[in-house]
Amino acid sequence: MGVVLIDVKKIRPLRNLVLRPNLPIETTFYDLDFHIDTIHLAFINNNRVVSIGTFYPENDLELKSKNGFKLRGMATHPDFIRNSYASKLMNESIKLLQDKKCDVIWCNARLIAIDFYKSLGFLTIGPEFNIKDIGPHYKMYKKLN
């Protein structure tokens with residue numbers, strides 16, 4: 001089926017499985033999940049959500065974005081990693097965000113995801129930092145204009 005816009009309720013189980021294992025599903029709720037400009041995307045394979053990402057409007061002072069979007073909750077089901085689903089999802093998200101005149105996509109990337117984001121043209125900025133109960137991250141970004 002490919003990349004589709006999807007309701008947040010349908011992606012939270014995968015967020016929980018991959019990003020918050022052993023924590024209650026309530027920990028997968030993000031403050032801007034229901035913001036009018038938030039975009040939830042999923043790659044659907046055989047009617048199954050296999051890769052997800054949430055994009056919401058948030059500028060970053062360090063990046064001097066004027067119409068920035070933050071990526072959160074990027075995850076691929078463990079049974080489907082290394083099948084290009086996440087790359088296809090990200091490429092679609094870039095097209096959608098360019099249509100919204102987004103100038104920068106940014107995220108807090110886990111160490112295991114750094115190479116993935118670099119393969120999509122993202123750069124790191126700043127030092128490594130720790131997010132409580134989750135682990136070490138780097139801020140990464142991609143300019144779209």
Side-chain angles (χ1 to χ4, degrees), residues 1-23 25 27-35 37-45 48-145:
M1 183 175 196
V3 178
V4 298
L5 291 167
I6 195 164
D7 186 275
V8 67
K9 291 179 209 123
K10 294 183 178 176
I11 65 173
R12 287 180 69 202
L14 187 54
R15 277 185 189 170
N16 195 216
L17 175 72
V18 175
L19 303 174
R20 303 284 195 278
N22 306 314
L23 293 173
I25 198 159
T27 65
T28 67
F29 174 78
Y30 302 151
D31 289 345
L32 295 176
D33 271 345
F34 297 102
H35 186 281
D37 292 321
T38 295
I39 301 167
H40 303 286
L41 292 176
F43 193 101
I44 308 293
N45 182 23
R48 188 169 176 193
V49 174
V50 298
S51 192
I52 57 172
T54 294
F55 303 83
Y56 55 77
E58 186 173 316
N59 287 314
D60 182 87
L61 293 175
E62 190 174 21
L63 298 171
K64 299 181 171 99
S65 56
K66 299 207 180 342
N67 189 27
F69 273 73
K70 184 175 183 181
L71 164 61
R72 287 201 66 192
M74 183 80 201
T76 299
H77 192 284
D79 293 345
F80 295 93
I81 57 172
R82 308 258 185 262
N83 285 303
S84 299
Y85 298 131
S87 295
K88 290 174 183 172
L89 185 145
M90 286 300 296
N91 288 329
E92 276 303 307
S93 74
I94 289 167
K95 291 177 196 171
L96 283 170
L97 293 172
Q98 285 173 323
D99 288 346
K100 291 183 169 284
K101 308 294 186 224
C102 172
D103 60 346
V104 176
I105 302 173
W106 66 280
C107 64
N108 294 326
R110 294 169 189 236
L111 298 186
I112 61 168
I114 300 293
D115 288 340
F116 167 72
Y117 289 116
K118 283 183 177 179
S119 76
L120 296 167
F122 279 68
L123 302 169
T124 58
I125 186 169
E128 180 181 309
F129 61 95
N130 191 61
I131 296 179
K132 186 179 184 289
D133 298 326
I134 300 172
H137 288 67
Y138 279 95
K139 184 187 293 185
M140 298 192 77
Y141 70 98
K142 179 180 177 84
K143 291 190 181 269
L144 297 187
N145 56 3

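Please read these numbers as outputs of a predicted model, since none were measured by experiment.
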Atom pair [atom1] ([X]) and [atom2] ([Y]), whose distance is rounded to the nearest 0.5 Å:
X: Cys102; Y: Phe69; atom1: SG; atom2: CZ; answer: 6.0 Å
X: Met140; Y: Ile125; atom1: CE; atom2: CD1; answer: 11.0 Å
X: Glu58; Y: Cys107; atom1: CD; atom2: SG; answer: 12.0 Å
X: Ile105; Y: Leu97; atom1: CD1; atom2: CG; answer: 4.5 Å
X: Ile11; Y: Asp33; atom1: CD1; atom2: CG; answer: 6.5 Å
X: Lys132; Y: Asn130; atom1: NZ; atom2: CG; answer: 10.0 Å

Determine yes or no for a side-chain-to-main-chain donor-acceptor pair under 3.5 angstrom, with [X] supplying the side chain and [Y] the backbone.
X: Asp37; Y: Pro57; answer: no
X: Asp7; Y: Lys9; answer: yes
X: Asn16; Y: Leu23; answer: yes
X: Asp103; Y: Asn67; answer: yes
X: His77; Y: Val49; answer: no

Any [X] side-chain heavy atom under 4.5 Å of [Y] side chain:
X: Val4; Y: Leu41; result: no
X: Leu144; Y: Ile94; result: yes
X: Leu14; Y: Leu17; result: yes
X: Met74; Y: Ser51; result: yes
X: Leu32; Y: Lys70; result: no
X: Lys10; Y: Ile52; result: no
X: Arg110; Y: Leu19; result: yes
X: Arg72; Y: Asp31; result: no

Around atom CD1 of Ile112, are there more than 12 heavy atoms of other residues, nucleotides or ligands at under 6.0 Å?
-> no
Do Val8 and Thr38 pass the side chain to side chain contact (heavy atoms under 4.5 Å, CB included) test, and can you show the C-alpha distance, the side-chain angles, and the key distance before you say yes or no?
-> CA-CA 10 Å; Val8 67; Thr38 295; over 6 Å; no
Establish, for the pair Arg15 and Tyr30, whether the NZ or CZ atom is under 6.0 angstrom from the six-membered ring centre and no further than 45 degrees off its axis.
->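 Yes, Arg15 lies over the aromatic ring of Tyr30.
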Side chains of Arg12 and Thr28: is there a donor and an acceptor less than 3.5 Å apart?
->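 A donor-acceptor contact under 3.5 Å links the two side chains.
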Minimum heavy-atom separation for [X] and [Y], please, with both atom names.
X: Val18; Y: Pro78; result: CG2-CD, 4.0 Å
X: Val104; Y: Lys143; result: CG2-CG, 4.2 Å
X: Asn59; Y: Gly68; result: OD1-N, 2.7 Å

Passing candidate, side chain to side chain donor-acceptor pair (under 3.5 Å) with Lys139, options Asp60, Thr124, Asn108 = Asp60
Given Glu62 and Trp106, is the side chain to side chain contact (heavy atoms under 4.5 Å, CB included) satisfied, shown in steps?
-> CA-CA 11 Å; Glu62 190 174 21; Trp106 66 280; over 6 Å; no
What residue among Phe116, Tyr117, Tyr138 forms ring pair (Phe, Tyr, Trp, His ring centres under 6.0 Å) with Phe122?
->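 The single option meeting the ring pair (Phe, Tyr, Trp, His ring centres under 6.0 Å) with Phe122 is Tyr117.
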